[in-house]
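Worksheet: one structure, shown below.
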Amino acid sequence: MQPGTTHQAAHGESGPRTDDDAWLGAEQAAVVAGARRRAVRDGDRQIDTAHLLHSLLESDPEVRAAVGPHLARLLGYLVQRSIGYGLRWQGSVEGSGALAVVPRPARGDGAAGDRGSWSPVARAALEAAGRRARQRGAAAVAGTDLLAALVADPQSRAVEVLERAGVPLADLRARLGHHAAD
């Protein structure tokens, strides 16, 4: 099954297709919807890799196992971020440091037309997770595919969160079978 392609949505928003999320599978589509809701609830202008990481950790036992003994500290840091410690990230585009050009926050109701506003890094991670799943011959993205894609970009907010929580990224990447092509 081929992943959906990116598109340009109305008002300059861009992000992965949500009208054809079958390539994600039900579990990862729920992760994406959770990340959207988290971004809206947190008042963030874009859905970033930290939102995806938080939602993924909450829903996928394999991902929690991959993080290992650092899970409690990581979740604690993510909760702190969601209650305000991530304010320095609001209004900026992940990975660029530039001001966001998104005119409004993403809708978080999970509706089929809810395309949200994805940071370029989060969008690239979703696309990389799809490529990784296809390379494995899988019909849908697994949580570990998405986690591997999230840790592939050293400038992502997910990587920053993992580092601050003390997760040894080299070990995590090795456990996930990270390849330079991801």
Side-chain angles (χ1 to χ4, degrees), residues 1-7 14-18 21 23-25 27-36 38-39 44 46-71 73-75 77-78 81 86 88-89 92-98 100 106 116-182:
M1 192 174 261
Q2 296 294 323
T5 58
T6 59
H7 72 287
S14 61
R17 290 177 57 136
T18 56
D21 280 349
W23 69 277
L24 287 172
E27 292 172 2
Q28 299 318 310
V31 167
V32 167
R36 285 185 190 118
R38 185 169 302 288
D44 293 334
Q46 287 192 321
I47 306 160
D48 65 26
T49 58
H51 295 119
L52 283 168
L53 176 64
H54 199 163
S55 186
L56 187 59
L57 286 166
E58 288 178 337
S59 66
D60 194 313
E62 285 186 59
V63 169
R64 290 191 298 271
V67 171
H70 304 281
L71 180 62
R73 187 171 178 183
L74 177 57
L75 287 172
Y77 185 81
L78 285 163
R81 177 192 187 254
R88 67 185 173 84
W89 286 335
S92 66
V93 175
E94 179 178 27
S96 74
S117 175
W118 294 89
S119 76
V121 179
R123 183 175 55 248
L126 286 168
E127 292 168 353
R131 285 191 303 275
R132 183 180 164 99
R134 282 193 312 279
Q135 289 171 351
R136 288 188 303 104
V141 173
T144 53
D145 293 326
L146 182 53
L147 181 59
L150 290 173
V151 300
D153 184 341
Q155 301 302 312
S156 75
R157 291 179 182 161
V159 165
E160 181 180 341
V161 168
L162 288 160
E163 287 174 335
R164 286 183 182 223
V167 176
L169 288 172
D171 293 343
L172 178 59
R173 288 178 178 127
R175 282 192 303 277
L176 294 170
H178 185 290
H179 304 288
D182 284 348

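For reference, positions follow the sequence shown, starting with 1.
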Could you report the tightest heavy-atom contact between [X] and [Y], atom names first, then the distance?
X	Y	answer
V159	L150	CG2-O, 3.7 Å
A149	A129	CB-N, 3.8 Å
D48	S119	CA-OG, 3.8 Å
S55	A30	OG-O, 4.2 Å
A165	R73	O-CD, 3.3 Å
Q28	G143	NE2-N, 3.2 Å

Checking L147 against L172 for the side-chain contact (heavy atoms from CB on, under 4.5 Å) test, could you report, in this order, the C-alpha distance in whole Å, the side-chain angles of both residues, the deciding distance, and whether it holds? CA-CA 9 Å; L147 181 59; L172 178 59; 4.1 Å; yes
Quick one: does any side-chain atom of H54 pair with a main-chain N or O of H51 as donor and acceptor, under 3.5 Å? no
Side-chain contact test, heavy atoms from C-beta onward, threshold under 4.5 Å: evaluate it for H70 versus P168 and give yes or no. yes
Measure the shortest side-chain to side-chain distance between W118 and R36 over non-hydrogen atoms and say whether it is less than 4.5 angstrom. yes
Among L71, L146, L56, whose side chain to side chain contact (heavy atoms under 4.5 Å, CB included) with V63 holds? L56
Option from L52, L53, T49, L162 for which side chain to side chain contact (heavy atoms under 4.5 Å, CB included) with R157 holds: T49
R132, R134, R131 screened by salt bridge (Lys or Arg N to Asp or Glu O under 4.0 Å) with D145, the one that passes: R132
Would D171 and R175 count as a side-chain contact (heavy atoms from CB on, under 4.5 Å) if you check the C-alpha gap in whole Å, the side-chain angles of each, and the deciding distance to 0.1 Å? CA-CA 6 Å; D171 293 343; R175 282 192 303 277; 3.5 Å; yes
What distance do E160 atom CD and Y77 atom OH have between them, rounded to the nearest 0.5 Å? 5.5 Å
Residue pairs passing the salt bridge (charged side-chain N to carboxylate O under 4.0 Å, His left out) test where at least one lies in residues 56-66, sequence neighbours excluded: R38-E58
